[in-house]
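Proteins get letters first, then strands, A, B, ... in listed order; numbering begins at 1 in each. Quick caveat: nothing in here was measured; it's all calculated off a predicted structure.
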Amino acid sequence: MSVNEEKWLDEWDKNRLFEANVIPGRPKFFVTFPIPYMNGPVHLGHAYTLSRADVIARYYRLKGYNVIFPQGWHWTGQPIVSAAERLAKGDQSMVKEFKEIDKVPDEIIQKFKDPVFMARYYTERNKNSFKRLGASIDWRREFHTTVDDPWFSKFIEWQYLTLREMGYVKQGSHPVVWCPRDKSPVGDHDRLKGEGVYPVEFRIVLFKVAESEEYLAAATLRSETIYGTTNIWLSPELEYVRARVDGKTWVVGKEAIKKLRDQMFSVEELGPVDPKSLIGKEVVVPVINRTVKILPATFIDKDIGTAVVYSVPAHAPYDYLALRDLQSSGYRDALDIKPISIIEVKGYGEFPAVEIVEKMKIKSQADALADEATKEIYAAELREGRMKGNCGEFAGVSVSAARKLVFDKLSELGLGYTFYELPEPVICRCTTRCHVKILENQWFLKYSDERWKELTRECINSMKVSPEEARRWFLDVVDWLQDYPCARQSGLGTPLPWDKDWLVETLSDSTVYMAFYTIAHLIRKVNPSSISKGLFDYVYYGKGNPKEVAAATGVDPALLEAMRSEFLYWYPVDVRVSAKELVPNHLTFFIFHHVALFDRDRWPRSISVNGMLTVEGEKMSKSKGNVITIDEAINIYGADAVRVALLSSSEYMNDANWSSRVAASVKERIASTIKLAKSIMDSAVKREPNVYDIWMTNRIYEYSEKIGRLIESYTIKEAAVAAFYEFGERVREYMKMVNQVPSKDVAENLVNAWAAYLAPFAPFLAEELYSLLKRGPSVMLAEWPKAGEPDLNADLEINLVNSLVSDVKEVLKVIKVRPKAVVVYAHDQSSSEEFLKSTPPDKKGRFMKFMRELDPLVKDRLGSFNELEIYRRHVEYISSELGVPVQVRGIGEAPAEHLQKASLSMPGKPAIVVER
RNA sequence: GCGGGGGUCGCCUAGCCUGGUCAAUGGCGCGAGGCUUAGAACCUCGUCCCGUUGGGGUGCGCGGGUUCAAAUCCCGCCCCCCGCACCA
């Protein structure tokens with residue numbers, strides 16, 4: 001027995017169930033899922049988060065809300081263009097990837113040389129996947145980003161013009177990891193080596209060569225250490241050059257020239273310098289004006305800094321090692337040099353670098369351990385170091401503060417410059433070594449703006465964030481977020497309206513598009529070229545005179561009003577559902593832009609964050625070849641099974657896992673659920689409700705409340721388990737209790753409730769169940785079953801009976817004999833009361849202990865019911881559960897041979913005698 | 001390094017905020033039985049150890065502590081995962 005999902009998809013379409021229209025006075029609920037990037041087929045990771053969003057959308061529909069769940073597609077950015085370019089160049093690995101992983105037909109792949117074609121192809125295909133998964137989306141409001149959707153582009157223009165007016169956009173420069181061959185920034189994923197390596201601020205310090213107008217330009221991370229300078233290092237084996245920089249003549253390593261140029265230094269190269277001609281000469285240490293000698297060292301790397309290093313042997317292991325090497329070789333100029341201690345740090349004596357070199361037994365400057373020693377000393381001194389008394393005005397200042405203060409001083413003297421460097425080598429995919437370039441005239445969003453941050457924090461603090469831990473994460477992100485470059489010069493996108501060379505980049509054109517959804521289907525009626533900023537100002541802000549706006553734009557005034565009322569009705573977003581990877585970027589930007597552009601009553605109401613998805617316990621990736629597309633999974637298991645397998649896998653920000661075994665078992669359970677529901681309907685009889693029927697009705701109340709509460713708190717996994725597994729268990733228990741003959745009323749209520757509970761999670765299965773009732777075309781038009789006041793007497797009875805059954809089972813398990821019969825001795829009401837009034841001393845201890853663990857429902861009512869009668873009423877069910885004939889007797893009815901056991905009976909805990 | 005999340009009975013997962021009702025939730029797997037010509041599926045029961053009467057022992061990363069009582073609270077330690085920006 002399986003579900004014909006296609007049929008239900010058609011049915012939903014036909015009834016236009018998910019089209020969201022303004023209904024004044026009716027409460028609305030706005031659900032969103034981030035627009036996915038269209039460079040490939042959507043996979044199970046998308047399915048997981050999308051399903052969570054759909055659960056919320058479907059649930060609120062059943063709760064009577066007017067739900068809007070729109071969806072768009074992301075085309076903005078570089079990757080689609082890059083893939084198209086690689087394809088155009090005939091890259092066969094690319095062809096293979098499209099063919100084998102994405103399963104794109106050959107004739108289509110040929111057309112992928114056009115990036116827009118590629119995006120369009122995936123958009124169509126992925127839309128179909130979302131539909132098949134059962135996402136309850138209003139497709140009339142669909143859009144995609146970039147100028148290919150000019151209406152959307154106009155919206156982005158409005159957004160950025162507005163942000164700029166507000167002063168949230170500015171122009172500036174920024175260091176990036178740069179490939180000199182490709183002439184472009186090199187992101188993490190474009191690197192052969194050096195993932196996670198980013199520009200670090202170095203300082204260049206100029207040391208004037210004595211009796212000359214030249215300066216040696218040394219690069220350092222630790223400007224505060226100039227106080228401890230004992231000499232300068234140059235490598236006799238490297239090439240150096242002389243260059244005119246900022247009005248002075250610098251000597252630097254040859255490799256440094258292009259780096260300086262890319263960092264906006266004006267550099268005029270004057271010619272090579274033989275380092276040997278400099279070694280032995282003296283230079284002046286700035287600030288302290290001491291002269292020190294230039295000495296040779298071999299540890300210098302031509303690709304780091306300027307290949308000029310100033311030496312602080314007291315605090316830098318390499319410097320100490322190079323000095324020791326020279327001294328032990330008897331190098332004359334080095335013999336008199338002694339380390340100068342300038343930093344005091346806990347755990348170390350006067351010369352931390354000397355200490356650690358000796359402790360780690362580092363042999364020479366060529367020893368690999370020197371790196372480790374360096375890191376340790378740097379970290380310890382930065383964290384806890386203080387400048388000593390010999391550091392002039394900085395004596396007593398912490399190292400971390402002194403670092404900046406000393407640099408400021410150098411800078412004032414014209415002897416200090418900022419210079420960016422990569423702390424580790426980065427190699428571009430094209431095999432070229434990268435360095436740092438400062439990109440000029442970039443456009444930034446001023447996320448560093450403290451007022452903006454404060455508004456954003458206010459929004460985060462006032463919205464619902466699930467799980468709670470995510471809120472702290474958001475607040476941390478807001479704290480460290482700096483200005484963010486919001487435009488790029490390549491890829492797809494929308495040009496900045498005032499500077500058409502720049503395209504608004506992906507994370508920046510996807511922040512408030514939810515407001516566009518509200519009007520997306522209406523604005524298509526307007527000629528995009530006539531859309532002005534004024535139109536959006538009116539729709540979103542009510543700014544201006546509608547007649548004038550309409551006339552200026554050539555828009556039908558009624559249409560303009562319709563857009564305005566759509567926005568007013570639907571906004572704000574009630575929930576945004578996303579995986580946690582978007583917390584530090586997209587989701588935070590989403591909040592930033594909302595607080596900038598909209599009033600408080602239009603700020604997002606909630607965010608639900610979930611973990612990532614692994615496949616069979618492994619991270620999903622193309623290189624591992626374990627990416628499963630939504631279509632592939634649906635083809636094997638069906639949409640419901642895919643949804644439930646994903647949804648029931650994990651909660652909070654824990655990663656969810658896709659397991660094909662789980663999916664297969666869910667698929668089977670779906671089939672058995674239909675079978676069970678059918679047999680319930682078929683075998684139901686009209687009758688006055690018995691205690692089992694009442695118990696089942698209580699369960700319906702219980703699960704209506706429980707599942708609803710869980711979904712409303714976005715605890716979707718627990719809700720899914722309750723709806724899909726637990727409630728089914730309760731139904732099975734009920735069917736056992738009524739010996740497979742349910743009451744007709746209960747059967748209908750139960751199937752109706754079950755269909756509703758399942759509708760958010762397994763919508764197709766839910767339709768199958770609901771159709772058994774013949775009440776209407778779709779469960780989505782039904783109501784969430786109301787939770788009523790449960791009849792606790794029924795629960796009390798069933799709980800007592802079940803606990804008796806499990807006690808007897810335990811006894812039978814222990815004694816390991818096949819019993820002929822079981823006799824139960826129970827208290828009636830008066831003997832219970834008697835027992836509670838004056839508990840026999842010999843039983844008191846046992847009774848107190850037992851009471852502590854007792855079901856509170858039973859405990860609270862102990863003595864107020866006739867237990868004996870209850871067991872008697874259910875003797876048939878008890879017998880059949882145990883598979884043994886059972887007799888229930890009062891405590892006074894025990895024959896002599898049972899007396900001893902029977903006397904153990906306590907209220908709530910009858911005595912059990914096994915006859916063999 | 002900074003920030004976030006986490007380590008639970010074969011595996012995955014719940015519980016932890018608000019200590020006792022927790023040998024601890026649910027699923028998977030496994031075992032037994034039913035059904036079946038057989039198998040798959042399905043249904044029932046079982047699944048830490050000991051126990052011939054509903055009990056006891058051990059136990060929730062490691063080590064301490066608080067408490068009548070700790071998976072849950074406090075302190076220290078170890079380990080794993082994720083993010084750290086010009087990129088979707």
Side-chain angles (χ1 to χ4, degrees), chain A residues 34 36-37 39 74 76-80 174-177 184-190 196 198 375 379 382-383 439 442 444 447 467-470 472-477 479-488 491 505-508 510 580-586 611-612 614 617 619 645 648-657 659 661-662 664-669 671-672 675-676 715 717-718 720-722 724-726 729 732 736 803-804 806-817 846 850-856 858-859 881 883 901 904 909-914 916:
Chain A
Y37 188 59
N39 66 338
H74 218 171
T76 308
Q78 184 60 42
I80 292 174
H174 194 81
V176 296
V177 179
S184 79
V186 180
D188 253 354
H189 45 279
D190 289 326
Y198 297 103
K375 279 185 188 142
L382 175 61
R383 219 172 33 238
L439 283 183
Q442 289 227 114
F444 289 86
Y447 292 138
E468 256 312 305
E469 294 79 42
R472 252 190 71 190
W473 192 1
F474 277 118
L475 291 170
D476 281 327
V477 173
D479 282 345
W480 66 251
L481 202 64
Q482 295 302 307
D483 292 346
Y484 185 86
C486 59
R488 288 195 57 140
E505 66 81 53
T506 0
L507 285 169
S508 305
S510 56
K580 64 181 173 188
E581 58 178 348
L582 298 186
V583 168
N585 42 69
H586 164 71
M612 314 279 286
T614 58
K619 202 173 156 178
S648 63
S649 157
S650 187
E651 200 78 277
Y652 308 122
M653 286 196 281
N654 298 321
D655 288 351
N657 181 48
S659 153
R661 271 211 293 234
V662 172
S665 98
V666 170
K667 186 182 178 182
E668 300 301 346
R669 195 169 173 113
S672 71
K675 211 166 110 187
L676 177 56
T715 317
K717 178 218 154 147
E718 203 178 335
V721 169
F724 189 75
Y725 291 108
E726 288 177 24
E729 287 310 306
R732 287 180 167 86
K736 254 185 351 193
S803 112
L804 174 61
S806 91
D807 277 353
V808 176
K809 275 184 183 166
E810 180 143 1
V811 171
L812 293 177
K813 190 176 113 196
V814 173
I815 63 174
K816 294 185 184 99
V817 288
R846 199 171 141 250
F850 153 73
M851 278 285 285
R852 216 171 28 224
E853 299 172 359
L854 196 57
D855 173 4
V858 177
K859 186 157 78 182
E881 269 300 281
K901 291 264 164 59
L904 294 170
K909 198 159 185 73
I912 298 160
V913 179
V914 179
R916 10 192 136 179

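Set against B/G26, B/G54, B/A85, the side chain of A/Gln482 has B/A85 as its closest nucleotide. Taking the side chain of A/Asp807 as heavy atoms from C-beta on, and the options B/U53, B/C87, B/G54, the nearest nucleotide is B/G54. Nearest nucleotide to the side chain of A/Lys909, out of B/G27, B/G54, B/A88: B/G54. Closest to the A/Pro910 side chain, of the nucleotides B/G54, B/A88, B/G83, is B/G54.
Counting heavy atoms from C-beta outward, A/Pro910 and A/Leu804 have side chains that approach closer than 4.5 Å. Between A/Thr715 and A/Glu718, some side-chain heavy-atom pair lies under the 4.5 Å cut-off. Residues A/Arg669 and A/Phe724 form a side-chain contact, since some pair of their non-hydrogen atoms from C-beta on lies under 4.5 Å apart.
Taking atom P on both nucleotides, B/A70 is separated from B/G61 by 15 Å, rounded to a whole Å.
Looking at heavy-atom distances under 4.0 Å, A/Val721 makes contact with sugar-phosphate atoms alone, never a base. No engagement by A/Ala470 is indicated, since no non-hydrogen atom pair under 4.0 Å with the nucleic acid exists. Heavy atoms of A/Val808 sit nowhere under 4.0 angstrom from any nucleic acid atom. A/Pro34 comes within 4.0 angstrom of nothing in the nucleic acid, heavy atoms only. A/Leu481 comes within 4.0 angstrom of a base, heavy atoms only. Note on A/Asn585: a base of the nucleic acid sits closer than 4.0 angstrom, heavy atoms only.
Residues meeting the salt bridge (charged side-chain N to carboxylate O under 4.0 Å, His left out) test with A/Asp807, sequence neighbours left out: A/Lys909. Shown here are the side-chain contact (heavy atoms from CB on, under 4.5 Å) partners of A/Glu581, two or more places apart in sequence or in another chain: A/Ala579, A/Met612. Scored by the ring pair (Phe, Tyr, Trp, His ring centres under 6.0 Å) test, A/Tyr37 finds no partners at all (sequence neighbours excluded).
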Quiz item: Does the side chain to side chain donor-acceptor pair (under 3.5 Å) test come out yes or no for A/Glu668 and A/Ser665, once each step is laid out?
Solution: CA-CA 5 Å; A/Glu668 300 301 346; A/Ser665 98; over 6 Å; no
Quiz prompt | salt bridge (charged side-chain N to carboxylate O under 4.0 Å, His left out) between A/Lys736 and A/Glu729, worked out | solution = CA-CA 11 Å; A/Lys736 254 185 351 193; A/Glu729 287 310 306; over 6 Å; no
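The partner of B/G29, taking Watson-Crick or G-U wobble pairs whose two distances both stay under 3.5 Å, is B/U47. Under the Watson-Crick and G-U wobble criteria, each requiring two contacts below 3.5 Å, nucleotide B/U36 is left unpaired. In a base pair of the Watson-Crick type (N1 to N3 plus N6-O4 or O6-N4) or a G-U wobble (N1-O2 and O6-N3), with each distance short of 3.5 Å, B/A69 is matched with no nucleotide. The partner of B/A85, taking Watson-Crick or G-U wobble pairs whose two distances both stay under 3.5 Å, does not exist in any strand shown. Pairing for B/U58 is absent, with no Watson-Crick or G-U wobble pair whose two atom distances lie under 3.5 Å.
Side-chain N or O atoms of A/Gln78 include one that pairs as donor or acceptor with a backbone N or O of A/Gly491 at under 3.5 Å. Remark: the backbone N or O of A/Ser510 is not paired with any side-chain donor or acceptor of A/His74 at under 3.5 angstrom.
For A/Ile80 and B/C87, the CD1 to C1' distance is 14 Å, given to the nearest whole Å. Following rounding to the nearest Å, A/Glu505 (CD) and B/C87 (P) show an atom-to-atom distance of 9 Å.
With hydrogens and angles ignored, a donor-acceptor pair under 3.5 angstrom links the side chain of A/Tyr484 to the base of B/C87.
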Check nucleotides 10-15 of chain B against the protein and report each pair of N or O atoms closer than 3.5 Å, with its distance, or say if there are none.
from	atom 1	to	atom 2	distance (Å)
B/U13	O2'	A/Lys717	NZ	2.1
B/A14	OP1	A/Asn654	ND2	3.0
B/G15	OP1	A/Tyr652	OH	3.2

What protein N or O atoms touch nucleotides 39-46 of chain B N or O atoms at under 3.5 angstrom, if any, and at what distances?
from	atom 1	to	atom 2	distance (Å)
B/A41	O2'	A/Glu668	OE1	3.2
B/C43	OP1	A/Arg732	NH2	3.1
B/C45	OP1	A/Lys736	NZ	3.1

Anything under 3.5 Å between a protein N or O and an N or O of nucleotides 1-3 of chain B, put it in a table, one pair a line.
from	atom 1	to	atom 2	distance (Å)
B/G3	O3'	A/Asp476	OD2	3.1
B/G3	O2'	A/Asp476	OD2	3.2

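Between A/Lys580 and A/Gln442, the residue anchored nearer the 5' end of RNA chain B, judged by the nucleotide with its closest heavy atom, is A/Lys580.
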